[in-house]
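See below for the structure under consideration.
Just so it is clear, the model here is predicted, and its values are computed rather than measured. The analysis underlying the following values was restricted to heavy atoms, covering all of them including side chains, and did not include hydrogens, waters or symmetry mates. Residue numbers count from 1 along this sequence.
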Amino acid sequence: KNSDTPKSKQLVLTPRFLGRGEGRTGQEAPGGAGRHREDPGASRRHQQAQLRRAAKEEVAARKRAVGSSGAPPVLVGFVALAESQQEEAAKLMEALSLCVPDSQLVKMRPGLVQMAVPRFKQRFTMVQPDRGSLHAVLDTAKVCDSLVFLVCPPTGLDSWGETLLSCVLSQGTPSDPTFIVGAMDEIPAKKHTEVKRLLAKALASKLPVEKVTSVASEAEAVTLLRTLGSQKRKEVGFIDRRGHLFAERVEYSEETSCLALTGFVRGATINANRLVHLPGWGDFQVDRIEAVMEPARLGKSQRGDQEMQ
């Protein structure tokens, strides 16, 4: 061969990064190298988003169920922190009971009222424990969903009221307490705001108090009732993990030596095969658990509002 004939050359490709769209010929490489690969991080993020959405829906459903059909009513306790506010607490309960015209009201016993408010789609149980008994106040506050404390306009709290407030706060509450000032008829109207500010400042040494309110009109009573029904509540472990019942009606039969307690079961379920504890009396065996008609219902067509245990 002629030495001037050009020799064949070998083409050598050096590896380098190709830009987006560079080097594509429209044909996929054999072996599926050009297939779309699913990002495992995207799947993980999607799963986490679903879990967060489910948690938010669960919290919203639990909040909507407070006091509604199929759930126990909102239990509200009224405690007077001064001896002069005992009568004011009873008047406040009556004002809240009558502030909504279309509500259904049932008085179970003195100091205990059942209330169904179709406008709010909620039911309420309002109770005023014996102020002179520390154990009665603590046992009631332990199972209440909301607490309302009444303070005296001139003096605020008396010595026994300070003891009650300290013990209740030490025990823990599922929601922030609401402070209501009593009647301020003897105080000039222009000083009402100043009195509320001074009371809130005096209570700030025990707990953070945003404001002290008053209920002097029907509109303020409706606002307070709506606030009590929509309060933000936190879970209290020793209450939610144990089934408990606030006795609204107590009947004792001497013939059978049986005590019948009627109320709503809150927290976990109560098993008839296990013992129950009565504060101050001890543990007892359960004979049976029956379902009875509720005293105040939102609607006859709702099955969950027709029976209580």
Side-chain angles (χ1 to χ4, degrees), residues 63 66-67 72-93 95-97 99 111-113 115 122 124-153 155-184 195-216 220-240 244 246 266:
K63 184 178 180 180
V66 174
V74 180
L75 185 56
V76 184
F78 294 81
V79 181
L81 298 181
E83 184 65 29
S84 60
Q85 300 303 305
Q86 280 281 84
E87 186 177 354
E88 293 296 328
K91 291 181 179 179
L92 179 59
M93 289 179 55
L96 294 179
S97 303
C99 65
L112 180 62
V113 176
M115 183 180 180
Q122 285 183 318
F124 297 87
T125 300
M126 294 180 287
V127 57
Q128 182 182 1
D130 182 13
R131 181 180 182 271
S133 174
L134 176 62
H135 293 286
V137 174
L138 291 179
D139 289 341
T140 302
K142 182 168 56 178
V143 297
C144 281
D145 298 314
S146 300
L147 286 174
V148 177
F149 292 106
L150 284 90
V151 294
C152 181
T155 60
L157 290 74
D158 56 15
S159 59
W160 182 243
E162 292 183 359
T163 301
L164 291 177
L165 182 59
S166 299
C167 293
V168 170
L169 294 179
S170 300
Q171 181 177 252
T173 58
S175 59
D176 294 335
T178 303
F179 291 91
I180 304 295
V181 63
M184 294 187 291
V195 170
K196 296 177 185 178
R197 188 185 65 81
L198 292 176
L199 289 174
K201 184 178 180 180
L203 292 169
S205 59
K206 295 184 176 295
L207 77 163
V209 179
E210 184 177 353
K211 63 178 179 179
V212 176
T213 59
S214 61
V215 180
E220 292 177 344
V222 174
T223 301
L224 176 59
L225 188 64
R226 186 187 297 272
T227 302
L228 294 175
S230 60
Q231 265 189 320
K232 184 178 180 181
R233 296 174 176 84
K234 58 185 178 181
E235 296 182 357
V236 182
F238 74 93
I239 295 178
D240 297 335
H244 55 278
F246 180 79
R266 293 175 167 85

### Message
Tell me whether the count of non-hydrogen atoms from other residues, nucleotides or ligands lying under 6.0 Å of NZ in K201 goes above 12.
### Response
no
### Message
For Q86, I'd like to know if atom CD has over 12 heavy atoms of other residues, nucleotides or ligands within 6.0 Å.
### Response
yes
### Task
For C152 and L199, work out which heavy atoms get closest and say how close.
O-CD2, 3.8 Å
[X] versus [Y]: any side-chain heavy-atom pair under 4.5 Å?
| X | Y | value |
| --- | --- | --- |
| T125 | V74 | no |
| V76 | V127 | no |
| P153 | Q85 | yes |
| L112 | M126 | no |
| V168 | V137 | yes |
| L134 | C167 | yes |

### Residues which pass side chain to side chain donor-acceptor pair (under 3.5 Å) with E220, listed by chain and number, not counting sequence neighbours
none
### For R266, side chain to side chain donor-acceptor pair (under 3.5 Å) partners two or more places apart
none
Has the side chain of [X] got a donor or acceptor atom that lies under 3.5 Å from a matching backbone atom of [Y]?
| X | Y | answer |
| --- | --- | --- |
| W160 | L81 | no |
| T173 | S175 | yes |
| D130 | A136 | no |
| Q128 | G77 | no |

### Between T213 and K196: side-chain donor-acceptor atoms closer than 3.5 Å
no
### Query
When you check the gap from the basic side-chain N to the acidic O, do R233 and D176 get nearer than 4.0 Å?
no
### Summary
One should read off an interatomic distance between F78 CZ and T140 OG1, to the nearest 0.5 angstrom, of 12.5 Å
